[in-house]
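My questions all concern the structure below.
The analysis underlying the following values was restricted to heavy atoms, covering all of them including side chains, and did not include hydrogens, waters or symmetry mates. Order of the sequence lines sets the chain letters (A, B, ...), proteins ahead of strands, with each chain counted from 1.
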There are 2 protein chains.
Amino acid sequence: MDNTKTIAALAALAQATRLETFRLLVSNEPDGIAAGELARLIGVPSNTMSAHLSTLSQAGLVKGERHSRSIIYRADLDVLRDVTLYLLKDCCGGNASLCAPLIDELSPCCPPNTRPQVDA
Amino acid sequence: MDNTKTIAALAALAQATRLETFRLLVSNEPDGIAAGELARLIGVPSNTMSAHLSTLSQAGLVKGERHSRSIIYRADLDVLRDVTLYLLKDCCGGNASLCAPLIDELSPCCPPNTRPQVDA
DNA sequence: TCCATATATCCAGAATAATGGAAATTAGTT
DNA sequence: AACTAATTTCCATTATTCTGGATATATGGA
């Protein structure tokens, strides 16, 4: 996780429509939501949503997979975890060893595709 | 932590100079660094640095305190922690109980003013 | 008070990002 | 092939952000 990737992820999330979209996708893991339905749910035109999804996708925060005519988007929590770790890395006075246990526990929290499905 | 505050914090960090500045301040806790020295270290004019510090400050990520003629800036990790929690809140399929233990452990990691000082 | 230092504010130009209409692409259906 | 549906790309307009010179404000010293 370098500076450039971190900035891309932070910038992708630092916009109302995209943050809302990402959080919606996070809470709809692992089912995902189609691009058109996202546009309808958030209340923006489909081309605007497409542009935002492209930004999120380029930052690695979401992945799209075609299912017949729709493209189902899903949140990818790996980058979110990496950004969190990157920002916390220098925490606690630069002494990483104090944060290491925390970071170790953060890592297994959200591995993709292994989360229990609670509801859709 | 609402959407607006989260976006402000993410946007503040989603810029190369500010991310670098913030990380520098994080690793220099709890001593802090004067505005002018930050400008010199990062390599930007003082008024540009001042504008960036203002953005970080408005997002609650740094605090400035005047010491004689200088204003010493320090990272405030509370907001960083809150943003992290906000982003992780919907993790794990929307089942907060799975993330709650993690979140509980994240909270005491970086309380301000209680971090051990390793070096300046 | 006068001067030097440190930081912030004002302002304007340049760069970047957001938005959405129109058209193009991709996939399924008949 | 012709048609519909879903999504994306193209493009131009508008809005926002970044940057830094010039100026203003605040502090301490002579």
Item to complete: Could you pull out all residues at least two apart from A/Ala14 that satisfy side chain to side chain contact (heavy atoms under 4.5 Å, CB included)?
Response: B/Leu10, B/Ala11
Worksheet entry | Qualifying salt bridge (Lys or Arg N to Asp or Glu O under 4.0 Å) pairs, either residue in residues 41-57 of chain B, two or more places apart | none
Practice prompt. Taking all non-hydrogen atoms of both residues into account, name the closest pair between A/Ala75 and A/Phe22 and its distance.
Written response: CB-CE1, 4.1 Å
Worksheet, complete the sentence: Smallest heavy-atom separation, A/Thr17 atom then A/Thr21 atom, equals O-OG1, 2.7 Å
Item to complete: To the nearest 0.5 Å, tell me how far A/Asp76 CG sits from A/Leu25 CG.
Response: 11.0 Å
Worksheet item: Which two nucleotides bound the region of DNA chain D that has atoms under 4.0 Å from heavy atoms of chain A, read 5' to 3'?
Response: D/dT4 to D/dT9
Worksheet item: Minimum heavy-atom separation for B/Ala9 to B/Val79, with atom names?
Response: CB-CG1, 4.0 Å
For residues 34-46 of chain B, which side-chain donor-acceptor pairs fall under 3.5 Å, sequence neighbours excluded?
none

Worksheet entry | Nucleic acid contacts - residues 32-43 of chain B versus DNA chain D, non-hydrogen atoms under 4.0 Å | none
Item to complete: Please list, in 5' to 3' order, the outermost nucleotides of DNA chain C lying under 4.0 Å from any heavy atom of chain A.
Response: C/dA18 to C/dG28
Fill in: Sequence neighbours excluded - side chain to side chain donor-acceptor pair (under 3.5 Å) pairs with any residue from residues 62-71 of chain B
none
Worksheet item: What distance separates A/Asp82 CG from A/Lys5 NZ, expressed to the nearest 0.5 Å?
Response: 9.0 Å
Fill in: Shared hydrophobic cluster, A/Ile33 / A/Ile72 (ILVMFWY, side-chain heavy atoms < 4.5 Å)
no
Worksheet item: Looking at DNA chain C, which of residues 48-69 of chain B put a heavy atom within less than 4.0 Å of it?
Response: B/Ser50, B/Arg69
Fill in: Relative orientation of the end axes in the helix from C/dT1-D/dA30 to C/dT30-D/dA1, expressed as an angle to the nearest 10° (five pairs per end)
20°
Practice prompt. Mind checking the CG-CG spacing from A/Leu80 to A/Leu13? Nearest 0.5 Å is all I need.
Written response: 7.0 Å
For a quick test of your reading: what N or O donor-acceptor pairs under 3.5 Å do the side chains of residues 48-60 of chain A make, sequence neighbours left out?
| residue | atom | partner | partner atom | Å |
| --- | --- | --- | --- | --- |
| A/His52 | ND1 | A/Arg18 | NH1 | 3.2 |
| A/Thr55 | OG1 | A/Ala51 | O | 3.2 |

Item to complete: Name all residues meeting the side chain to side chain donor-acceptor pair (under 3.5 Å) criterion together with B/Asn3; count only those two or more places apart in sequence or in a different chain, and write none if there are none.
Response: B/Tyr86
Discussion item. I need the minimum non-hydrogen distance between B/Ala12 and B/Leu61, along with the two atoms involved.
Written reply: CB-CD1, 3.8 Å
Practice prompt. Mind checking B/Ser70 for me? I need base, sugar-phosphate or nothing, with any heavy atom below 4.0 Å counting as a touch.
Written response: sugar-phosphate
Discussion item. Give the residues of residues 11-21 of chain A touching DNA chain C, defined as any heavy atom closer than 4.0 Å, sorted by residue number.
Written reply: A/Gln15, A/Arg18
Item to complete: Using modelled atom types only, decide if a donor and an acceptor are shared between the side chain of A/Arg74 and the backbone of A/Pro30 within a distance under 3.5 Å.
Response: yes
